[in-house]
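Read the structure below first, then the notes.
This structure is a prediction, so every number in the text was calculated from the model and none was measured. Both counts, for ligands and for their atoms, begin at 1 and track the order of listing.
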Amino acid sequence: MNPLTVKINDHLTYIGVNDRYTHLFENMWPLPDGVSYNSYILDGGEETCLLDCVKIPSVGEFLDNISSVLNGRKLDYVIVNHMEPDHTSSLPTLLEIYPDIKIIGNKKTTRFLKNFYHITDNIIEVKEGEEVQIGSTSLTFYMTPMVHWPESMVAYEKSTGILFSQDAFGGFGTLDGSIFDDEINFEFYKDETIRYYTNIVGKYSVQVIRALDKLAGLDIQMICPDHGPIWRKNPEVIIDLYAKLSKQETENGVLIVYGSMYGNTEKMAEMIGKSLANEGIKNIRIRNIAEYPLSNLIAESWRYRGIILGCPTYNVGLFPPMDHFVRTLTKQNMKNHTLGYFTNYSWGGGAEKEFAAFAEKCGWDLLEAQPNVMGDPKEADIETLNQLGKEMAQALKEAFKDEY
Ligand SMILES: Cc1cc2nc3c(=O)[nH]c(=O)nc-3n(C[C@H](O)[C@H](O)[C@H](O)COP(=O)(O)O)c2cc1C
Ligand SMILES: [Fe+2]
Ligand SMILES: [Fe+2]
């Protein structure tokens, strides 16, 4: 057998691939540790079934893996749990090589298959809770809309308790060496899993909670996601992490994000950081918006209860990178945050009004001190900056009483 495929049990084999070439996932999100596109072959004896495909640049390796596992046997089904092209762009090539294969999806999958790839034949549509026999085994399907796309669904093999969860319970990072949770150090993957969740799935946390509630009724022994490790020993670790992230249980800490052209606003950020430290706050991150990736800023915003944003006025509004960041935050549907903001100007100002509008839109607890400084901070400005730090520290001490 091809050593790059991994036997999971007597009738299930991993045939996924690692991608260390794509720099930006969805052409947006950095991939410093790469990403895996997981795929599986289920052997039901009489019949065989492929679960999800890989991104097209890896199609050669993918097809090699498939033929080595099939070893001359026929491929009967391919399940399309999720249509995003990181899992389907190799499907048309697969169909050229295995033209008789039946595609299992749902009503929405059919529409996507036609519009993405002009595929209209040999499609089997399954509904919520429907069971499909694959030789001597069977898969039951559950719809998980918006985790991560409208057509997303999961497949559950009840005889073994294996959940094929597509994007859910996935993370960034290639599978270097082992593919199994009990043979890796998950600490290597944890931050990249959080970044994956917050960047890719987080906006749909309400739907994630709904999906988790639905799947809670299943006896899940193993999770085979479409990205990241296979959870054969402790699936509850990833279920708990997803539950925590989807409920947006923020941690005690403050993320200060600033933009600054000539250093005045940066100085304000440093002063607020000092003020927080003087109040006993230990988890403080100060990030320069022009240097630090948006992707990581989203992950850190998700994480910390306290968010303080600052920038100079630029053409009567927010400094453009900050403008982009607050728009992104507005669309993230984030909860459980305390917000502070600070601004700098030298003409007539304007950034402060746009921060105020953002504060109203996101609805987070807003701190009263809102320093707006002309150029270099003076005595009275330093007072207000300290006040902002004190108010944030107070809010954290109330929210995390047991930590003080
Ligand atoms: C391109 C540009 C546009 C600006 N637009 C405004 C403005 O519309 N209103 C204003 O009050 N200040 C404006 N300023 C001035 C800056 O807000 C001010 O110099 C501030 O102190 C810069 O802070 P920094 O040192 O953190 O970069 C502008 C500055 C630049 C370079
Ligand atoms: Fe996806
Ligand atoms: Fe994906």
With atoms numbered from 1 as shown, which atoms in ligand 1 lie under 4.0 angstrom from a non-hydrogen atom of [X]?
X      : value
Ser260 : 24 (P), 25 (O), 26 (O), 27 (O)
Gly349 : 9 (N), 10 (C), 11 (O)
Tyr262 : 24 (P), 25 (O), 27 (O)

Query - Tally, protein N/O/S atoms nearer to the Fe ion (ligand 2) than 2.8 Å - result: 4
Give a yes or no on whether [X] atom [atom1] has more than 12 heavy-atom contacts from other residues, nucleotides or ligands under 6.0 Å away.
X      : atom1 : value
Lys331 : NZ    : no
Lys274 : NZ    : no
Glu383 : CD    : no

Query raised in the report: What pairs with Tyr77 under side chain to side chain donor-acceptor pair (under 3.5 Å), at least two apart in sequence or on another chain?
Result: Glu47
**Report entry** Partners passing side chain to side chain donor-acceptor pair (under 3.5 Å) against Glu46 (at least two apart in sequence or in another chain)
**Finding:** none
For ligand 1, is there an N or O atom under 3.5 Å from any N or O atom of [X]?
X      : value
Gly317 : no
Gly348 : yes
Asn264 : yes

Query raised in the report: Taking only residues at least two apart or on different chains, which pairs with a member in residues 377-398 satisfy ring pair (Phe, Tyr, Trp, His ring centres under 6.0 Å)?
Result: none
**Report entry** Where Gly170 and Tyr196 come nearest, the two heavy atoms and their spacing
**Finding:** O-CD2, 3.3 Å
Query raised in the report: Below 6.0 angstrom between ring centroids: does that apply to Phe358 and Trp364?
Result: yes
**Report entry** Atom name, His227 (N, O or S, nearest to the Fe ion (ligand 3))
**Finding:** NE2
Nearest-contact summary for [atom] - protein heavy atom, Å:
atom                    : value
atom 5 (N) of ligand 1  : Asn315 N, 2.8 Å
atom 22 (C) of ligand 1 : Pro312 CB, 3.6 Å
atom 18 (C) of ligand 1 : Ser346 OG, 3.6 Å
atom 29 (C) of ligand 1 : Met261 CE, 3.7 Å

Query - Nearest option to atom 14 (N) of ligand 1, as decided by whichever heavy atom of Val316, Asn344, Thr313, Thr343 sits closest - result: Thr313
Close side-chain approach of [X] to [Y], heavy-atom, < 4.5 Å:
X      : Y      : result
Tyr117 : Pro85  : yes
Asp33  : Phe172 : no
Met322 : Val257 : yes

Report task. Decide whether the shortest distance between a heavy atom of Gly350 and an atom of ligand 1 is less than 4.0 Å. Result -> no
**Report entry** With His227, the side-chain hydrogen bond (donor to acceptor under 3.5 Å, both in side chains) member among Thr193, Asp19, Asp86
**Finding:** Asp86
